[in-house]
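One structure below.
Remember, it's a predicted structure, so these values are computed and weren't measured experimentally. Below, chains carry the letters A, B, ... as their sequence lines are ordered, and counting in each starts from 1.
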Amino acid sequence: MDEQMISCTIDGKTITVERGTRILDACERAGIKIPTLCYLKDVSSHGSCGVCVVEVEGAKRLVRSCMHTVMPGMVIHTHNQRVLHARKLNLELVLANHPLLCTTCERNLNCELQALSQQLGVRTSRFPRTKKKFEEVDVTSASLIRDPNACILCNRCVEVCASMQSVSAIQMVGRGLKTKVATFYDQGLGNSVCTNCGQCSLVCPTAAITEKSQAQQVFDALADPSLVVLVQTAPAIRVGLGEAMGLGEGSLVTGQMVSSLRALGFDKVFDTQFTADLTIMEEAYELMHRLTHQGQLPMITSCSPGWIKFIETFYPEQVGHLSSCKSPQQMFGAIAKTFYAEQAHLDPRKIRVVSIMPCTAKKFEAGRSEMDSSFAYWKEKLNLSEVERFADVDWALTTRELAKMLKQVGIDFAGLEASDFDDPLGASTGGAVIFASSGGVMEAALRTAVEKLTGTVLQDVEFASLRERKGIREAALKIGESTVKVAVANTLSNARVLLDQIKAGTSPYTFIEVMTCPDGCLGGGGQPIPTNADIRAKRAESIYEEDRSKPIRKSHENPAIQDLYARFLDQPLSPMSHHLLHTTYTKRVVYPLD
Amino acid sequence: MSDRHTAIQEIVASHRTERGALLSILEAVQRSSDHNYLSKEELVLVAKELEVPLSTVYSVATFYAFFNLKAQGEHVITVCRGTACHTRGSKPLLTQVLKQLNLQLDEEGTATTDDVRFTVHTVACFGQCALAPVIAIDSVIHSRVTEQKLSQMLQSLLEGKEVS
């Protein structure tokens with residue numbers, strides 16, 4: 001027998017598994033799904049809840065199946081009386097200090113604690129509350145709300161923040177009954193190194209971390225007849241929203257999404273993909289300019305707002321590597337309230353721009369004080385005063401918030417007929433679609449830059465090595481005489497690897513794409529819960545399917561973009577482009593000293 | 001750079017390569033501080049010099065009861081509130097100390113005078129139950145304390161004398 005394979009007995013059944021297999025996974029192979037609460041595959045194995053216990057013959061105590069691996073000859077019982085009793089007891093202990101306010105909770109019907117109580121048949125909590133005080137809710141962040149009262153100390157958020165993102169804004173603080181997840185000195189996420197990525201909200205089993213919802217503001221705007229409310233949808237929404245509306249994982253719902261937004265009452269349904277194509281134009285030309293003018297290289301993409309705050313905070317000396325391009329969300333806001341306002345003869349003060357984003361950091365980005373180029377554009381023309389100041393993007397909702405709005409209104413999502421985006425800010429190419437997937441911005445930029453640099457038509461537009469499902473990917477391209485190396489990183493811990501290379505002077509790359517979230521925006525912190533590796537893979541498939549189905553796949557061939565340049569912006573990197581589509585960055589500190 | 005910053009740099013440098021360096025560093029920083037505590041600024045300096053997240057330093061500093069995050073008085077009075085001491089009257093003793101020093105215990109069960117001369121706090125048990133009630137003053141345990149005895153000791157401390 002292969003030495004790597006070992007046998008064990010699970011509920012009387014002998015099974016063979018690889019050495020190093022978790023008991024939990026071995027049981028699943030034996031047809032038993034062990035309930036878990038704090039454990040989350042690929043993310044966290046903390047062993048704090050004790051819900052996944054099994055009995056192992058010869059062991060003094062019950063064993064946490066998420067923490068231990070199978071040993072040769074192990075005899076495991078997964079559901080005898082002792083095990084079932086212990087699981088229930090452990091869950092009741094967790095519930096003792098939980099608010100149990102399910103009906104009015106943000107995560108009602110999408111809560112692991114609630115689902116598990118149902119699954120294990122816990123109907124009452126026999127134990128009295130032991131925590132004496134109610135903890136203050138942290139509302140300091142523009143993107144996220146943390147309610148320690150709903151927290152069950154599973155450690156998942158701490159783990160993703162530390163391991164996946166290498167940020168560590170939060171940690172377990174205190175001990176015993178006073179233990180809680182907190183920022184340094186409990187100063188709040190908004191006053192910490194938090195990048196607003198929201199991966200913590202995606203893995204939280206309860207409502208201890210949720211997005212700061214702006215759905216009510218949007219409902220209010222939709223109800224105000226004096227306003228023109230425009231909506232833009234990020235590429236990743238069309239492969240995420242369906243899940244939240246009860247359709248299959250990764251289902252592609254572009255047409256229904258557009259119809260549902262129209263049904264909600266938005267005056268125009270536009271596409272962030274339009275400005276994704278615009279981003280590619282500006283970014284590809286910026287790259288070519290840096291290449292021909294000895295600019296700072298490697299140039300790094302700037303679409304992902306969590307990444308922006310990360311580099312501003314942890315590598316402020318390297319912000320010069322960032323492309324000066326605003327993200328597609330912000331380019332949309334700036335164009336909607338200038339070019340579109342003029343075209344449609346609208347008073348920019350009466351326009352509201354709502355974004356639907358797979359992202360919690362987009363809320364922070366929309367609120368950045370420098371993101372008001374459209375106001376600057378109109379200030380002199382309309383003789384506006386400072387009190388009339390408006391932002392380019394008014395509100396950024398997550399996929400989850402939109403799904404809740406649709407459900408609240410009662411729209412039959414699955415039964416909607418598909419419809420198309422409005423013109424002119426709704427037209428996009430395949431290059432824009434793939435922004436949703438890690439490697440997509442790079443691929444789209446190369447589709448344009450390679451063609452412009454070589455002066456020949458690019459036949460094969462798909463870059464296979466940029467689509468491998470790895471945290472860091474690279475590709476080497478022959479452009480004329482020279483070879484250009486590019487790299488793609490997703491998650492901030494992977495981005496850190498590439499930044500450290502730049503810091504050490506060993507980076508071999510000319511151009512780098514960074515996305516904050518695993519597999520890119522389709523795995524964003526604002527996407528439906530659950531989001532995991534399998535689901536992300538299905539969303540990615542749908543994204544590449546949408547790309548293939550687009551008649552035009554190169555951003556520079558988008559006729560609406562060509563028209564925008566002809567009528568308004570002049571050309572990429574023009575003074576008007578710089579004014580509306582480019583930005584500057586802020587240097588921040590990790591260790592604030594007064 | 002402040003003197004304190006230089007001192008912390010030296011402490012961090014001397015422990016940097018150790019496993020679990022953070023714990024030793026925090027201990028050394030607290031011991032070398034004026035009022036036996038870790039200030040917020042000192043925690044930031046430790047994190048910066050050791051290149052670890054602020055949240056990690058805060059997590060460790062709040063986990064161990066040994067670390068103080070508030071200035072500790074020149075004299076520390078520890079009143080045992082264990083069962084044995086309670087039955088032998090530790091509560092009136094605690095009330096007396098607080099009244100005499102004009103203090104009120106906070107949520108954590110400690111209080112320090114504004115002039116940082118006295119800190120009063122309670123413990124669950126010293127393990128000296130046979131000698132109950134016990135009160136420790138500057139780490140010296142005084143047994144079978146009476147209100148009269150306590151009053152004298154406090155008076156001596158207030159007058160700047162040693163407690164016998």
Legend entry - Spacing of OH belonging to B:Tyr64 relative to CZ belonging to A:Arg175, to within rounding of 0.5 Å: 8.0 Å

Inset, instruction - Might you confirm whether atom NE2 of A:His68 has over 12 heavy atoms from other residues, nucleotides or ligands at distances under 6.0 Å? - result: yes

Inset, instruction - Apply side-chain contact (heavy atoms from CB on, under 4.5 Å) to the pair B:Lys48 and A:Leu593, showing each step before the final yes or no. - result: CA-CA 10 Å; B:Lys48 185 182 160 107; A:Leu593 287 164; 4.3 Å; yes

Inset, instruction - Answer yes or no: is there an ion pair linking A:Lys132 with B:Glu107, defined by an N-O contact shorter than 4.0 Å? - result: no

Inset, instruction - Could you pull out the closest heavy-atom pair between B:Leu54 and A:Val590, with the gap in Å? - result: CD1-O, 3.4 Å

Legend entry - From OH (A:Tyr591) to CD (B:Glu51), nearest 0.5 Å: 6.5 Å

Inset, instruction - Nearest 0.5 Å please: distance from the OH atom of B:Tyr58 over to the CE atom of A:Met172. - result: 14.5 Å

Legend entry - Residue part contacting chain A, namely of B:Val57, when any heavy atom lies under 4.5 Å: neither

Inset, instruction - List the atom of A:Tyr185, the atom of B:Leu43, and the distance in Å for their closest heavy-atom pair. - result: CE1-CD1, 3.7 Å

Legend entry - Side-chain (B:Ser59) to main-chain (A:Gln171) donor-acceptor, under 3.5 angstrom: no

Legend entry - B:Asp114, CG: over 12 other non-hydrogen atoms inside 6.0 angstrom: no

Inset, instruction - Return the option, out of A:Val193, A:Thr179, A:Val173, with the maximum number of heavy-atom pairs under 4.5 Å with chain B. - result: A:Val173

Legend entry - Interatomic spacing from CG in A:Asp186 to OG1 in B:Thr62 - rounded to 0.5 Å: 9.5 Å

